[in-house]
Structure formats: C-alpha cells, structure tokens
Amino acid sequence: MNDIFADLKWRGLVYQTTADDHLQKWLNEKPRTVYAGFDPTAESLHVGSLLPLMQLRRFQKAGHRPIALVGGATGMIGDPSGKSAERNLLSVDQLEQNVAGIKAQVAKLVDFDETPAGAQLVNNFDWMNKFTYLEFLRDVGKHFPVNVMMAKDSIRNRLEREDSGISYTEFSYMLLQAYDFVHLNQAYDCELQIGGSDQWGNITAGTELGRRMHQKQLFGMTCPLLTKADGTKMGKTESGAIWLSAERTSPYAFYQYWFNVADEDAGKCLRFLTELSHEEIETLDKSRAEEPHQRASQKSLAEHLTQLIHGDEGLSTARRATEIFFGGTIEDMNDAQLGQIFADVPSSELARDRLTGDGLSLLDAFVEAGLAKSKGEARRAISQGGAYVNNVRAEGVDQALTERDLASETVMVLRSGKKKYALLRFQS
RNA sequence: GGGGGGUUUCCCGAGCGGUCAAAGGGGACAGACUGUAAAUCUGUUGGCAAUGCCUUCACAGGUUCGAAUCCUGUACCCCCCA
C-alpha cells in the first residue's frame, strides 16, 4: 500500500483532519473506503471539482475504494457553505440531467471495475427520497443540537449577514450531508469523507452523527481550496468557467487555461492536480525559478490535465490547435480539421461567388467576419500589420481574397492582432 | 418659490464664432520587445466610393458667409437661498 497520507501531506493537500496522528496509520493498515461529494449544479463539472476528483483518484491508486457522491438530493437544497446568498433551487428534471452528465466525467478519473478498489458512484437522492419528513426529523434531526449548528462557520456567516439571512431549507443542508456519510458508512463501510476546506463543518457534522446514531468512528479530511495568488478563483476566465466537458470548453481552451497559469500558481497546481512524482515536481520548481521563460511547469500541467480529461485525442487536437493559433501557417487543411481547431471561433457564412472575379476585398472580409466594426477599423488593422489571412500577414489594404486563399475546401481563416480569429465559410 | 452652474466624441476632461472630427489623460486596439506573462516604447482610436465628402459636442429652433462655441425654448443634473 502506498503511503497516501504522506503524499498528500507533501503536496500540501492536508488542511484539516479529524484525527491527525491516527489517520496516516489507519490508511496504511488496509484498504479503506473514502467519499467525496459533487454538486450537480450543471450538467458538467468545472475545474473547481478537479481537485476532489483527483483526490479520489489518488486514493484509488493507493488501493482504497473511492465513492463519488452526486448530490441529487442535496443539490435540491443548496449548500450554504461559502455562499453569500440563498441559492436558487433546481428542478428535478434538470437535476437528473446534471447527474447523468457528471457521472460520465467522474468515470474518466476513477475506475468503476469490480476489484476491491473499484469505485462507486452514488446519488443521494436514491436514499434521501425514501425518507418521510417525520422519519428524518426523528432519526436524524434529533441528533443535531441547533445551538451547535449555529456555531458552525457556514451557518454563522449567513446569520450575521444583514442583507441575506438563511432559509430553514439551507439551514438543514448540513443534516442531509451528515446523513449521507452515515448512510455510506452503513451501506459501503465508508469511513472517510474528503472535501475542500469549506466542507469542514458539513464533514464533522457527519462524523458526529455517525457516533451518535451508530457509535461509529468516522473520519474527515479537508484540502485547501485551490485559489490563485492574486486571490481570485481558479478556473474562471473573463469568458466564464472552465468546464470539464469538451462541449462547454474545448480541449484547446482547456489546454490554454493551464498553459497560461501564472508562475506563482503553477507549483500549487502541479502538486494539487497532477500525479507527477515529487522529483518531477521539484525539477519543474527549479526550472520555473531558473528559466521561467521555458514555462516547463505550465506546459507539463496543460499536457497532463488535458490528457487526463480529454484523452490522447483531445490532447493532440489541443496541441495542433496551439501550434496553429500561435503562428503556424494554415495550409493543406480540410474543413473538418479546421472546424475542430477553431471550434470556439466565431464564423460567418458568405456566398461562394464573392470570391470570383476580382475577389472579396480584404476590408470587406474583415468587417463581414466581425473582426472590425467598420472599414476604417479594418483599414487601420491592415495598414498597421495586424491583419492575417490564414496566419500570413496581409500585404495591404488593396488585397483581395479569391479561391486561392481558401485554407480548406470552404474555409478561410482571418486573424486580427495576436489571437483574435474569425472564420469565413464560403458555401456555394 | 428665488438665484447660480452644468450636459462635449467609449470614460474623464479641455475648448467659448472660423485654423475643430474637436487638446490632454484613461481605456481599447495594433506594432516592437517578451515567456502565448508583466513592464516598457511606438502608432491608431466617428463613418465613407478618402488630397475630398458626410455625421457628431443633451434636444428643438434661431442669429451668422460660418456655431461645440452666440440667442430662444425643452429635458435632465448639481449647488446656494427660502
């Protein structure tokens, strides 16, 4: 058995535990079952969930059995932890859809085979919906002193806010998550719950409930939240969250996100999110300090995570797109390849015959493609050398585009400046 | 109710009869540099069939050869006195 606790400790992933001295020995003794919960707020997880997912994967690789719990029931309520305002409730249909989407993503990181360490995926809606209100109050609610609950950070923060408050529903969230833990303990002999540090209150509520209901010793462990050095959230860009599904965030965009991680954040990301060995990470730390321009850490981070989430094919698409996006000339491509690489890029449809005769003026093309608001703006971009056709700098304002400028059967790739792209599709 | 000040191009802010598409700054965009970074430097920043033409300085009228600039009215904002 690998000493997973030592590894986690080295990576800085142990924030709080319910039993510091005991946990390491306990984990090394024999395979244990561990769970982490995921909120089905959307049909895809985003980068924020990568950390707990990787945690589960690490546990599985160390020989333990991971359980991914999708909060179909708790998602209907909303976790007050870390939220400043009451959450909107999701519809049952929406939840079902989300749970299905998340299942597929979890499966990429942990194995659901029949071995002793084979993962389980459970949905707490399956057991929570069997409870009647009265039963729940009697069996579970009875064990929760309200005065203790009110002292928990997640609740207290909301109580102290004058502008928002907390509903009885969200107040009760903790009971549901606590009961999840107890249920998983009964059904799967699960004894450890992991999560982000914002889950500490909910996790300890579970360990306490286990003791009160069944005199069971349960364990909890939290990892630090993955935040950036500048204080903002990891996984967010101006254009929105970075998702794990290729439909929402293309493998290329995903790759780029990690490639662009700030130097100060790279070490943490490598430790938290990759499975690189300690030696490899230290080598990268050194490289980052001595030759930052090589960006070895970012490259490695991007490669590993893209491979993990989008597979070999996704990685090669991302690599090829990267090559093209940053200078590589575009020639001898076909529509399908370009479509994949430029999946996130806006495109406009134009009639094929505009390319015949004198061709389409570059000025018009830029305006049609949406790269310039007016011809004047297009003229400016071109005369300053900031306009490219298929990644070749445009010669001048008078240039006209003809069929020879097509990069593939029907597509032409225009670019303004360093990375602003647009496609023109010429259908006959 | 009385008195005074304001409304300028994406934002702030000059301009107070022609030389004003309108200073300066910010932002934005582009180029150089660079690590697909930051900083820095340079250029651009109403539209167009472009040595010119058209639209813009709260809105509507007027004076004038000519108005962002002067006059009248309208709307909104601010300040002072009641």
Side-chain angles (χ1 to χ4, degrees), chain A residues 47 227-239 242 249-270 283-306 314-330 341-346 354 357-401 413-422:
Chain A
V47 160
T227 50
K228 292 200 280 187
D230 63 12
T232 57
K233 253 192 184 151
M234 198 83 211
K236 285 258 168 25
T237 64
E238 318 80 60
S239 42
I242 302 292
T249 301
S250 71
Y252 165 74
F254 185 84
Y255 181 94
Q256 283 295 317
Y257 179 78
W258 298 109
F259 196 94
N260 282 312
V261 163
D263 288 0
E264 309 83 73
D265 299 321
K268 203 176 185 182
C269 288
L270 286 168
T283 305
L284 289 171
D285 285 345
K286 200 165 156 237
S287 163
R288 208 164 55 248
E290 290 168 6
E291 38 175 22
H293 55 281
Q294 294 293 335
R295 296 159 64 70
S297 298
Q298 284 87 342
K299 203 170 290 178
S300 172
L301 191 61
E303 298 265 319
H304 277 85
L305 292 179
T306 308
L315 177 58
S316 74
T317 307
R319 275 192 186 138
R320 200 170 45 194
T322 294
E323 198 178 302
I324 285 179
F325 264 76
F326 293 92
T329 49
I330 303 166
I341 291 169
F342 292 102
D344 300 335
V345 160
R354 295 187 62 174
D358 289 341
L360 175 64
S361 98
L362 190 56
L363 289 173
D364 288 331
F366 260 66
V367 176
E368 297 265 17
L371 289 175
K373 283 204 274 301
S374 66
K375 285 196 192 180
E377 204 171 286
R379 190 181 301 275
R380 232 170 278 138
I382 297 166
S383 58
Q384 288 182 139
Y388 301 79
V389 178
N390 300 327
N391 270 352
V392 178
R393 185 174 279 184
E395 295 139 33
V397 182
D398 302 326
Q399 192 176 341
L401 302 172
V413 183
L414 299 183
R415 176 178 132 212
S416 159
K418 281 194 171 66
K419 6 184 160 167
K420 210 160 71 194
Y421 281 88

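Letters A, B, ... mirror the listed sequences (proteins, then strands); counts begin at 1. None of these values were measured; they are calculated from a predicted model.
OP1 or OP2 of B:A30 has not a single side-chain nitrogen or oxygen of A:Ser383 nearer than 4.0 Å. For the OP1/OP2 pair of B:A28 and a distance below 4.0 Å, the side-chain nitrogens and oxygens of A:Arg380 include no atom meeting the criterion.
Using bins of under 30°, 30° to 60° and over 60° for the plane-to-plane angle, the ring pair A:Trp258/A:Phe254 lands in the perpendicular bin.
When rounded to the nearest whole Å, the span between CD of A:Glu377 and C1' of B:G43 equals 15 Å. At whole-Å resolution of the value, CG in A:Asp398 and C1' in B:A49 are 14 Å apart. Between the NZ atom of A:Lys373 and the P atom of B:G47 there is a distance of 9 Å, rounded to whole Å. Distance CG (A:Asp265) to P (B:A38): 14 Å, rounded to an integer number of Å.
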Quick tally for nucleotides 31-37 of chain B: nucleotides whose base has a protein heavy atom under 4.0 Å get B, sugar-phosphate-only ones S, the rest -, giving SSBBBBS
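When both distances must be under 3.5 Å, the Watson-Crick or G-U wobble mate of B:A49 does not exist. The pairing partner recorded for B:A30 is B:U42, the criterion being a Watson-Crick or G-U wobble arrangement whose two distances lie under 3.5 angstrom. Pairing partner, B:G73: B:C59, with both Watson-Crick or wobble hydrogen-bond distances short of 3.5 Å. The partner of B:G1, taking Watson-Crick or G-U wobble pairs whose two distances both stay under 3.5 Å, is B:C81.
As rounded to the nearest Å, B:G25 and B:U72 have P atoms that lie 37 Å from one another. The separation of B:U40 from B:G6, taken at their C1' atoms, amounts to 39 Å, rounded to a whole angstrom. Rounded to a whole angstrom, the distance from the C1' atom of B:U51 to that of B:G5 is 44 Å. As rounded to the nearest Å, B:A60 and B:A75 have C1' atoms that lie 11 Å from one another. The C1' atoms of B:U9 and B:C79 are separated by 28 Å, rounded to the nearest whole Å. When the C1' atom is compared between B:U64 and B:C48, the two are found 30 Å apart, to the nearest whole Å. Atom name P, nucleotides B:G24 and B:U42: the rounded distance is 14 Å, in whole Å. Only the C1' atoms considered, B:G1 is 30 Å distant from B:G62, to the nearest whole Å.
Of the charged side-chain nitrogens involved, at least one lies within less than 4.0 Å of a carboxylate oxygen, so that A:Arg354 and A:Glu368 count as a salt-bridged pair. Using a 4.0 Å cut-off between charged nitrogen and carboxylate oxygen, A:Asp265 and A:Lys268 do not count as a salt-bridge pair. Between A:Arg319 and A:Glu303 there is a salt bridge, since at least one side-chain N of the basic residue sits less than 4.0 Å from a carboxylate O of the acidic one.
In this structure, A:Phe325 has its ring center under 6.0 Å from that of A:Phe342.
Using a 4.5 Å heavy-atom threshold, the side chains of A:Asn391 and A:Val413 count as separate.
The shortest non-hydrogen separation linking A:Ala387 to A:Ile382 is CB-CG1, 3.6 Å. The heavy-atom pair separating A:Ile341 from A:Arg320 by the smallest distance is CD1-NE, 3.9 Å.
For A:Asp364 and A:Lys420, each mapped to the nucleotide of RNA chain B holding its nearest heavy atom, the one lying further toward the 5' end belongs to A:Lys420.
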